[in-house]
Number of protein chains: 2
Amino acid sequence: MKEKELRRSLAVLPIGTVMKLTDLTARQIRYYEAQQLIQPERNEGNRRMYSLNDIDRLLEIRDYLAEGVNIAGIKAIYEQQASAAQAKEENLEHPLTDDDVRRIMQDEFLRQGRLGQTRPGIQQRPL
Amino acid sequence: MKEKELRRSLAVLPIGTVMKLTDLTARQIRYYEAQQLIQPERNEGNRRMYSLNDIDRLLEIRDYLAEGVNIAGIKAIYEQQASAAQAKEENLEHPLTDDDVRRIMQDEFLRQGRLGQTRPGIQQRPL
DNA sequence: CGATTGATGTCATATTTTCTAACATTTGTT
DNA sequence: AACAAATGTTAGAAAATATGACATCAATCG
């Protein structure tokens, strides 16, 4: 199913379309990019171009924010996912020892602990 | 599978993207529309917006033209498909009599006869 | 409370994209 | 040669997007 992955990651949507599909403003979408939550491509004319995967991620971001997770938290989640994916790959070559697992679990808990801090005000989306 | 149909018919692509995906020029895409081969939607600002189904159809058109079928022929094919689809629907209510079938077959043959006429010069796509 | 900060709104200006319409070109067909 | 089909090209106007600055608003902290 490589075909489908490719299609979903094809950057073909301009920001105007993304606004409608996600119900986000251009300002929000560009801000999330500035915060490294998404990395849209650019066309020859420097216009941002988004893929279906980007749409999914933006919808996720929207939901996390609505739940009260701040942007730093969302970023942490994605970084965690990325390293988890990497670990999975590496695991195909050298399976983990129990000792490794213990250390990883500990890291996870530490990360979780740091997350809930709603220090930077939860703000509800206006209607 | 209504979900997928909906997604595929969502008009979200601007003409610039369509150009890249189909390897057609804006001129060609607009011309096929003028010839009624496609009916893209328009956004609030009067920009043409295309769906994935539109992309498929444009690729088909591109292939038919490369094969030597002229636009009138392609249009005839689509009209035939449309009436076939309609017939199928109607058939769910009143199945056809043998007499109906005979008449339909005759129509088909007449249409086929008229089609091959490559009267309006076959033109090969430039590299 | 007053200051600070995170997330978003708004505005101005520049650049890119698309639209329409007209005229030009190319290549078969008659 | 004349014509028609398909496409190219160009000009001018309108829409969409980029960037950067300043404004706002709510939550948090000293």
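The sequence lines fix the lettering, A, B, ..., with proteins before strands; numbering per chain opens at 1. Basis for what follows: all heavy atoms, side chains included, without hydrogens, waters or symmetry-related copies.
- The phosphate of C:dA7 has OP1 or OP2 within less than 4.0 Å of a side-chain N or O from A:Y31.
- Spacing between atom NZ of A:K75 and atom C1' of C:dG6 amounts to 12 Å, rounded to whole angstrom units.
- Salt-bridge annotation for B:R7 and B:E3: present, with a side-chain N of the basic residue lying under 4.0 Å from a carboxylate O of the acidic one.
- Here A:R27 does not reach the OP1 or OP2 of C:dT10: none of its side-chain N or O atoms lies under 4.0 Å away.
- Atoms OH (B:Y50) and C1' (C:dT18) sit 10 Å apart, rounded to a whole Å.
- Rounded to whole Å, atom P of D:dT7 lies 12 Å from atom CG of B:L58.
- When each of A:L21, A:L24, A:N53, A:D63 is paired with A:L58, the side-chain contact (heavy atoms from CB on, under 4.5 Å) condition holds for A:L24 and for no other.
- Distances shorter than 4.0 Å separate none of the side-chain N or O atoms of A:N70 from OP1 or OP2 on C:dT5.
- Between A:R47 and the phosphate of C:dT18, there is no side-chain N or O to OP1/OP2 separation shorter than 4.0 Å.
- Straight-line distance from the CD atom of B:E33 to the C1' atom of C:dT20: 12 Å, rounded to whole Å.
- Contact annotation for A:R48: backbone-only contact, meaning every heavy-atom pair under 4.0 Å involves sugar-phosphate atoms and none involves a base.
- Taking all atoms of both residues into account, the shortest heavy-atom contact from B:V12 to A:T17 is O-OG1, 2.9 Å.
- Comparing A:T25 and A:N46 by the nucleotide of DNA chain C whose heavy atom lies nearest to each, the residue mapping closer to the 5' end is A:T25.
- Protein atom OH of B:Y32 is 7 Å distant from nucleotide atom C1' of D:dA6, rounded to whole Å.
- Under the 6.0 Å distance and 45° angle rule, B:R57 counts as a cation-pi partner of B:Y78.
- The CG atom of A:N43 sits 12 Å away from the C1' atom of C:dT15 (whole-angstrom rounding).
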